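Working notes, beginning with the structure itself.
Fair warning: this is a prediction, and the values are worked out from it, not measured in the lab.
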Amino acid sequence: MEANEHEHVIEVTDLRRVYGGGFEAVRGVTFSVRRGEIFALLGTNGAGKTSTVELLEGLAAPAGGRIRVLGHDPYTERAAVRPRTGVMLQEGGFPSELTVAETARMWAGCVSGARPTGEALALVGLDARTGVRVKQLSGGERRRLDLALALLGRPEVLFLDEPTTGLDAEGRRDTWELVRTLRDGGTTVLLTTHYLEEAESLADRLAILHEGRIAAAGTPAEVTAAQPSRITFELPDGWFVGDLPPLGELGVCGHETEGRIVRLQTRELQRAATRLLVWAESAGVELRGLDVRSASLEEAFLGIARQAAAGSAPGTAGAAADTGAATGTGAATGTTGTKEYVA
Ligand SMILES: Nc1ncnc2c1ncn2[C@@H]1O[C@H](COP(=O)(O)OP(=O)(O)OP(=O)(O)O)[C@@H](O)[C@H]1O
């Protein structure tokens, strides 16, 4: 897709959604997705992921803002957009008495230019289950059937709302592989997920929603780079965190203790780990359970949740997510539940 690879096939500007009763679930969300990109929307429960995706799918009109999918308004120009998109909702809701093959045929009847149903079912690994009634499928198999139906129309844009919920580890990985293959073939994918590992492994770019706003956005690497790395270890009896070299000299920007367990935060992982180990060696101290790790998307996500719990909204609310630049969460130090990080 060289000619169009920078084309934005999804453009969302200052999007708002208000439910009956006046609750504003989406509060000024801006992002865009390029052709052939996998973009993940993450967020805490109730953050507004499904509310946003439903607007992109044209299922409801926004209370404010602008959406373009393939250059069209998905709500007012539904006829132009719908045939070129595939939608996998959280709940498929198919007649449970129909078999897998009957369901696929019924669905294909509503899709112009549908791919053969057997091909769609084979893509998701359901080709051996065509004669089974929907009600007899496992939860994971139903999710795969949902995905097969979304793929029937060979969509240019695929919306996947929590596509791997209920799948076992193998099924999840198979779905990731399929989504990557679709992306490599030029399909643009927007997915919501609760699995941070899924977003980290699959998404080219992502946005973390919190209370209807984008709290952080960028590539997984950019979002995690805003977080400090961690060094965790257990001190032997008789040793205390105060016996360590001055934490500032170690390159540590925060620490937390729980009994003998010490957790250090640093933005200079190599330097801090080296100095700590040199000190331990010279002092004859064994750092039991030593664990040195770079920040993960999980930590970025938890950082946002912590800020929420501490009552301070993330500083990048409403940030645009289309620049490719990380907006960061700035949640490295601060209160985490009952424990306080101390620089
Ligand atoms: N039909 C509705 N009427 C009123 N409020 C709603 C409705 N649907 C969702 N909400 C509220 O809007 C907010 C966002 O919900 P939404 O389902 O979009 O979140 P989500 O990020 O997809 O959550 P989850 O991860 O739990 O699926 C929540 O507070 C939810 O209770």
With a 4.0 Å cut-off, would you call [X] and [Y] a salt bridge?
X	Y	result
E197	R173	yes
R180	E177	yes
R35	E156	yes
R183	D204	yes
E24	R16	yes
R27	E211	no

Geometric cation-pi criterion R260 and F233, 6.0 Å radius, 45° cone: no

For residues [X] and [Y], report the shortest heavy-atom separation together with the two atoms involved.
X	Y	result
A60	R17	CB-NH2, 3.6 Å
T165	Y195	CA-OH, 3.9 Å
L290	L277	CD2-CD2, 3.7 Å
D73	V81	O-CG2, 4.1 Å
L42	L206	CD1-CD1, 4.1 Å

For residues I214 and T30, determine if any side-chain heavy atom of one lies less than 4.5 Å from a side-chain heavy atom of the other. no

Kindly compute the distance separating [atom1] ([X]) from [atom2] ([Y]), expressed to the nearest 0.5 Å.
X	Y	atom1	atom2	answer
M88	L147	CE	CG	5.0 Å
E11	R68	CD	CZ	8.5 Å
L196	L297	CG	CG	5.0 Å
L15	R66	CG	CZ	12.0 Å

Hey, does the side chain of [X] reach the backbone of [Y] with a donor-acceptor pair shorter than 3.5 angstrom?
X	Y	value
T188	G36	yes
R133	E97	yes
S96	K135	no
K49	L209	no
T192	E162	yes
T44	A47	no
T219	E222	yes

R205 and E37: salt bridge (charged side-chain N to carboxylate O under 4.0 Å, His left out), yes or no, with the steps? CA-CA 8 Å; R205 289 188 305 126; E37 188 171 50; 2.8 Å; yes

If hydrophobic clusters are built from ILVMFWY residues whose side chains come within less than 4.5 Å, do I231 and V241 share one? yes

Option from V29, L55, T76 for which side-chain contact (heavy atoms from CB on, under 4.5 Å) with I67 holds: L55

Mind checking what makes side chain to side chain donor-acceptor pair (under 3.5 Å) contact with R129, not counting sequence neighbours? E141

Should we say atom CD of E281 is surrounded by more than 12 heavy atoms from elsewhere, each under 6.0 Å from it? no

Neighbour count >12 (heavy atoms, 6.0 Å) for atom CH2, W107: no

